[in-house]
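Structure first, then comments.
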There are 2 protein chains.
Amino acid sequence: METETQKTEARPGAKPAGKREQTKVQNRQTILEAARQVFADLGYGATTVRDIIRATPLASGTFYNYFKSKEEVFQAIHDESALRIRPRLKEERAKARTIEEFISGMFLTFFEFVVGDEDNFRAIQRNTDTLRVRMDTPEVVAGFDELREDLEKAIDQGVFPPVDADYMMAMLVGVAFEMAERMLRRDDHDIETAATFATALFMGGVRNLPHRKVTAVNGGPA
Amino acid sequence: METETQKTEARPGAKPAGKREQTKVQNRQTILEAARQVFADLGYGATTVRDIIRATPLASGTFYNYFKSKEEVFQAIHDESALRIRPRLKEERAKARTIEEFISGMFLTFFEFVVGDEDNFRAIQRNTDTLRVRMDTPEVVAGFDELREDLEKAIDQGVFPPVDADYMMAMLVGVAFEMAERMLRRDDHDIETAATFATALFMGGVRNLPHRKVTAVNGGPA
DNA sequence: CAGAAAAGTTGACGTTGTGTCACGAGTTGA
DNA sequence: TCAACTCGTGACACAACGTCAACTTTTCTG
């Protein structure tokens with residue numbers, strides 16, 4: 001037994017960390033991890049709550065102590081994802097001194113995130129009762145709000161031309177997600193090239209785009 | 001599955017149009033219509049096959065004479081949609097003499113289609129198990145292939161700069177769908193403005209976008 | 001035009017998945 | 001050490017699924 005683990009004046013930042021609290025956190029994480037995996041494998045629609053449970057050592061009833069439905073785990077995964085990528089995106093935007101930096105930073109960061117944890121993105125992206133869910137969770141909403149604010153700030157500061165933030169966001173998000181999906185679908189992990197293309201579109205339109213992507217590159221990204 | 005009736009001598013071009021054949025077509029249409037409605041209302045994930053049936057005068061078993069699952073009706077709706085919009089898009093592309101015409105034609109046509117039959121788009125878009133249009137139903141696949149061909153042809157003819165067709169498609173599709181969704185979400189039916197923005201992006205990037213400020217709708221979903 | 005064959009409809013039924021709950025094992029704190 | 005409490009457990013009641021044998025309607029045949 002961990003007789004050691006008494007709740008003596010614990011470390012400052014640490015949690016209460018009773019044994020109880022500890023397994024609770026663990027279980028939640030276990031379920032989330034299993035769900036991510038199963039969703040990525042079977043697709044959201046095809047997986048049952050029991051599939052998720054079966055991928056853990058837990059009993060069926062336990063699931064419902066942590067999430068009240070399949071949809072809720074899904075949202076949790078979503079939320080966690082947003083939580084992870086938000087600061088990265090925000091930092092990137094803060095660093096940006098020009099529109100180009102702003103935009104390319106966003107794309108690169110996003111693509112890195114997607115390719116860096118493919119299963120995670122597959123889990124939330126390949127399936128879903130779609131946008132409704134994507135937009136609902138607090139972290140996700142906060143992330144979009146943040147982007148919008150920064151966009152408007154950049155516009156005010158003259159870094160960005162005075163475009164409509166709504167349309168702008170739709171375009172950024174649309175391109176980002178569609179390209180990400182396409183990359184995963186084709187097992188294309190070349191995030192630099194993808195970001196280069198996307199950025200070029202926003203910087204100067206079609207005429208500005210690099211020429212055909214040479215798959216086995218010799219020239220490298222323009 | 002289409003066991004053509006082994007009639008000794010059916011009319012040549014016309015439909016067989018026996019009473020039987022007729023109600024068969026009717027029933028299929030009834031179910032499709034009901035499904036479109038219910039999907040649009042409840043969302044794909046939340047609707048049950050019984051919900052669809054209940055919205056028709058038919059019995060539960062009958063559903064399965066026409067579609068083998070909820071997913072299959074969904075695909076059928078998808079397919080039908082693609083069937084309807086494909087020729088319109090193709091025609092638009094054929095008419096185009098410049099890149100700008102090509103692009104703005106696509107956006108306008110698509111937005112018209114979406115706003116013109118909102119329920120239909122809601123049914124297939126707001127829900128789904130594979131994100132976006134990517135149900136690989138024949139008509140949908142054909143539609144994308146067509147677009148790609150036309151794109152490549154335009155590139156060969158020098159109307160389009162020699163961009164990578166893959167990326168190009170991802171960008172077009174991404175922007176089109178995301179903007180469409182956003183419009184429906186905000187009850188914004190101004191397809192001209194939307195098309196203008198999207199086209200401007202593709203023609204000259206952010207700096208080229210109209211400076212119009214629009215509705216000060218609050219950020220956030222719904 | 002009757003009667004048989006074919007095609008289609010129907011709803012009850014076996015099956016699978018969902019979410020709850022009473023119980024008991026494990027943990028905490030005195 | 002023991003009472004109080006928390007959480008894990010799996011059986012259960014309920015909901016939706018998809019099938020199928022019986023039945024109805026249409027079509028075919030003589």
Side-chain angles (χ1 to χ4, degrees), chain A residues 1-10 15-32 34-35 38-39 42-76 127 129, chain B residues 1-11 14-32 34-35 38-39 42-76 127 129:
Chain A
M1 294 308 194
E2 338 287 333
T3 42
E4 198 69 23
T5 43
Q6 292 307 351
K7 40 73 192 290
T8 54
E9 306 320 302
K15 300 184 171 186
K19 203 164 193 171
R20 197 118 228 169
E21 207 58 32
Q22 199 176 329
T23 49
K24 236 171 102 175
V25 173
Q26 274 177 355
N27 279 352
R28 192 190 151 86
Q29 213 50 40
T30 302
I31 294 175
L32 272 177
V38 179
F39 282 155
L42 307 184
Y44 177 80
T47 89
T48 70
V49 171
R50 254 58 173 192
D51 287 333
I52 298 174
I53 293 284
R54 236 170 273 133
T56 76
L58 304 165
S60 70
T62 304
F63 176 91
Y64 296 95
N65 288 340
Y66 292 87
F67 304 97
K68 78 173 193 297
S69 65
K70 181 171 74 162
E71 182 168 336
E72 212 179 88
V73 218
F74 182 73
Q75 286 179 331
N127 334 288
D129 228 90
Chain B
M1 280 300 214
E2 305 303 302
T3 35
E4 290 308 297
T5 35
Q6 309 286 6
K7 301 192 153 181
T8 41
E9 47 205 311
R11 289 82 184 261
K15 307 174 182 181
K19 204 164 193 174
R20 198 117 228 171
E21 209 57 33
Q22 199 176 329
T23 50
K24 237 170 102 176
V25 172
Q26 274 176 355
N27 280 352
R28 191 189 151 87
Q29 213 50 40
T30 301
I31 294 175
L32 272 177
V38 180
F39 282 154
L42 307 184
Y44 177 80
T47 90
T48 70
V49 171
R50 253 60 174 194
D51 287 333
I52 299 173
I53 294 283
R54 236 171 274 133
T56 77
L58 305 165
S60 69
T62 303
F63 175 91
Y64 295 95
N65 289 339
Y66 292 87
F67 304 96
K68 79 173 192 297
S69 64
K70 181 172 73 162
E71 183 169 335
E72 214 180 87
V73 218
F74 182 72
Q75 287 179 330
N127 336 286
D129 222 296

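Excluded from the calculations below are hydrogen atoms, water molecules and symmetry mates; all remaining heavy atoms, backbone and side chain alike, are included. Note on naming: letters A, B, ... go to the chains in the order of the sequence lines (proteins, then strands), and numbering restarts at 1 for each one. Small disclaimer: the values here were computed from a predicted structure and weren't measured.
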Is there a donor-acceptor pair closer than 3.5 Å between any side-chain N or O of A/T23 and the backbone N or O of A/Q26? no
Heavy atoms within less than 4.0 Å of DNA chain D: which residues of residues 56-67 of chain A have one? Give them sorted by number. A/L58, A/A59, A/S60, A/G61, A/T62, A/N65, A/Y66
Over how many whole Å does the gap from B/D51 atom CG to D/dA15 atom C1' extend? 11 Å
Can you check the A/K70 NZ to C/dT18 P distance for me, whole Å? 7 Å
Between B/E72 and B/Y66, does the side-chain contact (heavy atoms from CB on, under 4.5 Å) criterion hold? Intermediate values first, please. CA-CA 9 Å; B/E72 214 180 87; B/Y66 292 87; over 6 Å; no
If you only use heavy atoms from C-beta on, which nucleotide in D/dA16, D/dC7, D/dG8 is closest to the side chain of A/K24? D/dC7
In whole Å, I'd like the distance from the CZ atom of A/R50 to the P atom of D/dA11. 11 Å
Minimum-distance nucleotide to B/R20 side chain [options: D/dT26, C/dT18, C/dG26]: D/dT26
C/dG19 P sits how many Å from A/E72 CD, rounded? 11 Å
To the nearest 0.5 Å, how far apart are CG in B/L58 and CD1 in B/I31? 5.5 Å
From CD1 of A/I31 across to P of C/dG19 the rounded distance in Å is 14 Å
Double-helix bend of the helix from C/dC1-D/dG30 to C/dA30-D/dT1, axes at both ends from 5 pairs, round to 10°, gives 10°
Starting at atom NZ of A/K68, determine the distance to atom P of C/dC21, rounded to an integer number of angstrom. 15 Å
Work out which heavy atom in B/T47 is nearest to a heavy atom in B/K70; give both atom names and the distance. O-NZ, 3.1 Å
Pairs touching residues 54-63 of chain B that satisfy side-chain hydrogen bond (donor to acceptor under 3.5 Å, both in side chains), sequence neighbours left out: B/D51-B/R54
Could you state the atom-to-atom distance from CD1 of B/I52 to C1' of D/dA15 in whole Å? 16 Å
Parallel, tilted or perpendicular: which one describes the rings of B/F39 and B/Y44, with boundaries at 30° and 60°? tilted
For D/dG8 and A/N27 - does any side-chain N or O of the residue sit under 4.0 Å from the phosphate oxygens OP1/OP2? yes
Inter-residue atom distance A/I53.CD1 - A/Y64.OH, 0.5 Å rounding: 7.5 Å
Atom CZ of A/F63 and atom CD1 of A/I52: how far apart are they, to the nearest 0.5 Å? 5.0 Å
Do the non-hydrogen side-chain atoms of A/L32 and A/F67 ever get within less than 4.5 Å of each other? yes
Report the distance from atom CD of A/Q26 to atom P of C/dT27, rounded to the nearest whole Å. 12 Å
